[in-house]
Amino acid sequence: MAQKPSIPKGTRDFSPAEVSKRNYIFDTIKKHFQRFGFQPIETPSFENSDTLMGKYGDEGDRLIFKILNSGDFISKVDDVTYSSKNSSSLTPKISEKALRYDLTVPFARYVVQHQNEIQFPFKRYQIQPVWRADRPQKGRFREFYQCDADVVGSNSLLLEVELVQLYDAVFTELKLANVNIKLNNRKILAGIAEVIGAQNSLINFTVALDKLDKIGEEGVKKEMLEKGISEASIEKANPLFSLTGSNSEQLDALQYLLSSSEIGTKGVEELRFIVEYIEDVGLLSANLSIDVTLARGLNYYTGAIFEVAAPEKVQMGSIGGGGRYDDLTSIFGLNDVSGVGISFGLDRIYLVLEELKLFPEEIEQSLDVLCLNFGEKEALAALKLSTELRKANLKVDIYPTDTKIQKQFKYANNRDVPYVVLIGEQELQNNSFVVKNMKEGSQETYSLSDAADFIKRLR
RNA sequence: GUGGUUGUAGCUCAGCUGGUUAGAGCGCUGGUUUGUGGUACCAGAAGUCGCCGGUUCGAACCCGGUCUUCCACCCCA
């Protein structure tokens, strides 16, 4: 054989079994999106570069896949730019399109572009792949699916409450119990920065704080110092490291800490609303916990932020996240449209379910019945029977050639077929068919004129 | 983007300080069994040792490059 073909770094092929399992997750998420009143949209896999560039910070820009212009694009570049060998000035001249990096920014573009056709508040869901020029690791790919549900055109906190319920509903149905939905609010982070006198380094402050569970209190303080936050400010932030107790206890402590900050107080109020409503309505299996260290990188969030952590025994980053963004559409020229949304990381959820063996067995069963092939006449009878069985919604296959029965059985075995139908010379004479239960090894005979009898037994 | 790690049969992996014909288990094919799989026994096929180059009388093994895997940063689903 020639050189074996391959696929690019960070991409994957999916086998039939893998696709079945992925569809199981997709279907579950989609079902609950619809139950909460979200409608589907789709957007192109690539956008104009200026739609995406600059929306995710410098780091994000680096991770966006750029698409080369068509035609003789290099001849259109002026000599100065060309010979400068500067990627950032050359790139916009030779690439005007880019693969989508997430679903939120394209959605914002969609809302602005179709603002006159949309009925607000607009609840949409979107399940499509996104691409990042990242260095792959476990649970990090360069092509992966996001499943997003967003609402634009309302700043009601009821939506945040519903989104928490939505997370709960999906993960409960996937049997992934006790996921931890972490909740914070950008206004609280802004309030803290204000109170400790570090409002100018809000980003550095939150990014450092976000690493608390990873590098510990000392590590966080060290990083803050390195990023130019004063020792006095860090000193004032000390109470944050000792926030404990129930959600409402933490809220009380935060309220006191942030009483001098208008924005901080607003953030506490918003969180309290969400927490109290959720307590009242109850959750099926998830936990909701306030986590002031939760920051999330994307700079467009302005209110609540969510993140769903995989169960602790599984080594995996977050399996979902989201938040409220008050101003996302204004970058495309539409002001005063508040949005809030959440995202499910399909590929990571898959890895978690696989690791915890939570996929139901049935979903991998691609066939209910296999009819063996004993020759032309016999196969015709099998075909007629198959038609009946397929009408009854069974997944049925006929072995296409009359090779050795042993081989056909082996095939049935490898495909995990629960029932094998045998129609040979004898059966044809008696107008009957034999059904072998592959698990138990038992066999039963039915009449060819009464397939319904067999169908009834399967139910 | 920075630093490290991995690659040998379809799969999971052995392979000594470089030595001539590269191994195992599982899987696959055939047979024991011409209408019975999943068990057992017997036989067999299958590898340019990721790719390109270098050192050497000789390279799976040493060196350089490249691709890939995974990991830690960065960032993030």
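Remember, it's a predicted structure, so these values are computed and weren't measured experimentally. Within every chain, numbering begins at 1; the chains are lettered A, B, ... in the order of the sequence lines, protein sequences first and strands thereafter.
Nucleic acid contact for A/Gly375: none, since no nucleic acid atom lies under 4.0 Å from a heavy atom of the residue. Looking at heavy-atom distances under 4.0 Å, A/Gly60 makes no contact with the nucleic acid at all. As judged by a 4.0 angstrom heavy-atom cut-off over every strand, A/Gln408 is placed among residues making no nucleic acid contact. Within the nucleic acid shown, A/Glu143 has no heavy atom closer than 4.0 Å to any nucleic acid atom. Note on A/Phe141: a base of the nucleic acid sits closer than 4.0 angstrom, heavy atoms only. Residue A/Leu372 is out of contact with every strand shown, counting any heavy-atom pair closer than 4.0 Å.
Distances were taken from every side-chain heavy atom of A/Ser318 (C-beta onward) to each of B/G1, B/A77, B/C75; the shortest belongs to B/A77. The side chain of A/Asn413 lies closest to B/G37 when the candidates are B/G35, B/G37, B/G1. The side chain of A/Arg348 sits closest to B/A77 out of B/A77, B/C74, B/U2. Listed nucleotides B/C75, B/C70, B/A77 differ in distance to A/Pro136; the shortest reach to its side chain belongs to B/C70. Distances were taken from every side-chain heavy atom of A/Lys9 (C-beta onward) to each of B/U2, B/U68, B/C75; the shortest belongs to B/U68. Comparing B/C74, B/U36, B/C76 against the side chain of A/Arg132 picks out B/C76 as the nearest.
Put simply, the side chain of A/Arg135 and the base of B/U69 share no donor and acceptor less than 3.5 Å apart. Remark: the A/Glu440 side chain and the B/G38 base include no donor-acceptor N/O pair separated by less than 3.5 Å. If you check distances only, the side chain of A/Arg62 never reaches the base of B/C75 with a donor-acceptor pair under 3.5 Å. Judged by distance alone with a 3.5 Å cut-off, no donor-acceptor contact links the side chain of A/Arg415 to the base of B/G37.
Nearest-nucleotide mapping onto RNA chain B: of A/Pro8 and A/Lys214, the residue sitting toward the 5' end is A/Pro8. Between A/Gln146 and A/Met438, the one whose closest nucleotide on RNA chain B sits nearer the 5' end is A/Met438.
At the phosphate of B/U69, neither OP1 nor OP2 sits under 4.0 Å from any side-chain N or O atom of A/Lys138. A sub-4.0 Å separation between OP1 or OP2 of B/C28 and a side-chain N or O of A/Asn414 is present. A close approach under 4.0 Å does occur between a side-chain nitrogen or oxygen of A/Gln137 and OP1 or OP2 of B/A72. At the phosphate of B/U36, neither OP1 nor OP2 sits under 4.0 Å from any side-chain N or O atom of A/Lys407. In terms of phosphate contacts, A/Lys404 brings no side-chain nitrogen or oxygen within less than 4.0 Å of OP1 or OP2 of B/U33.
Only the P atoms considered, B/C11 is 35 Å distant from B/C74, to the nearest whole Å. Taking atom C1' in both B/C75 and B/U8, the straight-line distance is 35 Å, to the nearest Å. The P atoms of B/A40 and B/G35 are separated by 25 Å, rounded to the nearest whole Å. Only the C1' atoms considered, B/G23 is 16 Å distant from B/A45, to the nearest whole Å.
For A/Tyr145 and A/Phe344, the distance between ring centers is not under 6.0 angstrom.
In this structure, A/Arg132 forms no cation-pi arrangement with A/Phe65, as its terminal cationic atom is not both closer than 6.0 Å to the ring centre and no more than 45° off the ring axis. Cation-pi contact between A/Arg100 and A/Phe46: absent, since separation from the ring centre below 6.0 Å together with deviation from the ring axis within 45° is not met.
Using a 5.5 Å limit on the distance between ring centres and a 30° limit on the angle between planes, the aromatic ring of A/Phe374 does not count as stacked on the six-membered base ring of B/G35.
Between the C1' atom of B/C76 and the CD1 atom of A/Ile64 lies a distance of 14 Å, rounded to the nearest Å. In this entry the distance linking CG of A/Asp134 with P of B/C73 reads 14 Å, nearest Å. Between the P atom of B/C76 and the CG atom of A/Asp213 lies a distance of 15 Å, rounded to the nearest Å. Taking atom CZ of A/Phe409 as the reference point, atom C1' of B/U36 lies 4 Å away to the nearest angstrom.
Nearest approach of A/Asp402 to A/Gly375, heavy atoms of both residues: CB-N, 3.6 Å.
Atom OH of A/Tyr110 is separated from atom OG1 of A/Thr329 by 14.5 Å, given to the nearest 0.5 angstrom. Here A/Leu103 contributes atom CG and A/Thr43 contributes atom OG1; the two are 6.5 Å apart, rounded to the nearest 0.5 Å. Rounding to the nearest 0.5 Å places CD of A/Gln165 at 5.0 Å from CZ of A/Phe36.
Classification of the A/Tyr325-A/Tyr301 ring pair by plane angle, with boundaries at 30° and 60°, yields tilted.
In this structure, B/G64 and B/C52 make a Watson-Crick or G-U wobble pair, each of the two defining distances being under 3.5 angstrom. The partner of B/C28 is B/G44, judged by Watson-Crick or G-U wobble contacts that both fall below 3.5 Å. If you check B/G35 for Watson-Crick or wobble pairing at under 3.5 angstrom, you find it has no partner at all.
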